[in-house]
Amino acid sequence: SCEDVNDWLKLMKQVKASNQGTFYKSKPNLRVNGVKHDLLTSTERQSLGVWLTNHPLDRFKKTINSGKLNTTLDISSTDEDFYFCGLMAIQSIEEIVTKKGDKMAFLQLSDQYGTIQGIIFPKLYKNIPELSIGQVLYVECDIRYEDDGTKMFISSIRIIKSKEIK
């Protein structure tokens with residue numbers, strides 16, 4: 001019902017304000033027919049600041065739950081640096097130009113369990129096609145725990161197309 005959606009949106013605003021991530025299990029059951037999944041998720045995130053109908057990685061649950069990939073749960077379960085390989089969705093992109101004039105990017109990335117900042121340095125960034133909010137990425141990176149937060153220093157990245165992983 002509309003009341004359920006409004007209650008859920010209020011909860012999501014509180015969650016966003018508290019910087020605690022999202023509670024996908026508590027969302028109302030919403031269906032949007034005739035709209036491509038990628039377009040829907042990117043439009044929701046850009047317009048509302050949250051993914052309303054589902055998370056971009058929901059389609060890949062079987063692959064994620066296989067245990068072959070890392071998730072943000074692995075990051076939160078340790079405070080030691082380690083190498084991460086997993087699927088992440090882009091929440092936001094900030095492109096900057098270095099002093100040398102090269103482009104690099106800071107990404108806010110998420111899976112169903114949490115969010116983390118990803119950094120793509122110029123050498124890798126120049127070889128990546130255009131990134132957009134809601135895109136699913138396979139990333140390989142070093143996870144480092146620093147004074148200003150945990151970060152992914154991305155060494156390899158691949159944009160995942162909807163049909164690639166079931």
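Starting from 1, each residue takes its place in the sequence as its number. Scope of the values below: all heavy atoms of this structure, side chains included, with no hydrogens, waters or symmetry mates.
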Joint cluster assignment, Met88 & Ile159, ILVMFWY side-chain distance < 4.5 Å: yes
Contact summary for Thr72 and Phe84, nearest pair of heavy atoms: N-CE1, 4.4 Å
Nearest heavy atoms of Met104 and Ile120, plus distance in Å: CB-O, 3.2 Å
Main-chain N/O of Leu73 paired to Ser76 side chain as donor or acceptor, under 3.5 Å: yes
Exercise: do Glu80 and Tyr145 side chains pair donor with acceptor under 3.5 Å: no
Closest heavy-atom pair and its distance - Leu69, Leu87: CD1-CG, 3.8 Å
Backbone of Lys103 reached by a side-chain donor or acceptor of Glu95 within 3.5 Å: no
Test item: side-chain donor near acceptor, Ser156 and Tyr138, under 3.5 Å: no
Min side-chain heavy-atom separation Leu137-Ile160 under 4.5 Å: no
Ion pair Asp102/Lys100, N-O distance below 4.0 Å: no
More than 12 heavy atoms of other groups within 6.0 Å of Glu130 CD: no
Within-4.5 Å side-chain heavy-atom neighbours: Glu140 and Ile154: no
Minimum heavy-atom distance between Ser110 and Thr115, given as atom pair plus value: CB-CG2, 3.5 Å
Distance-minimising heavy-atom pair for Lys123 and Asn127: O-ND2, 3.2 Å
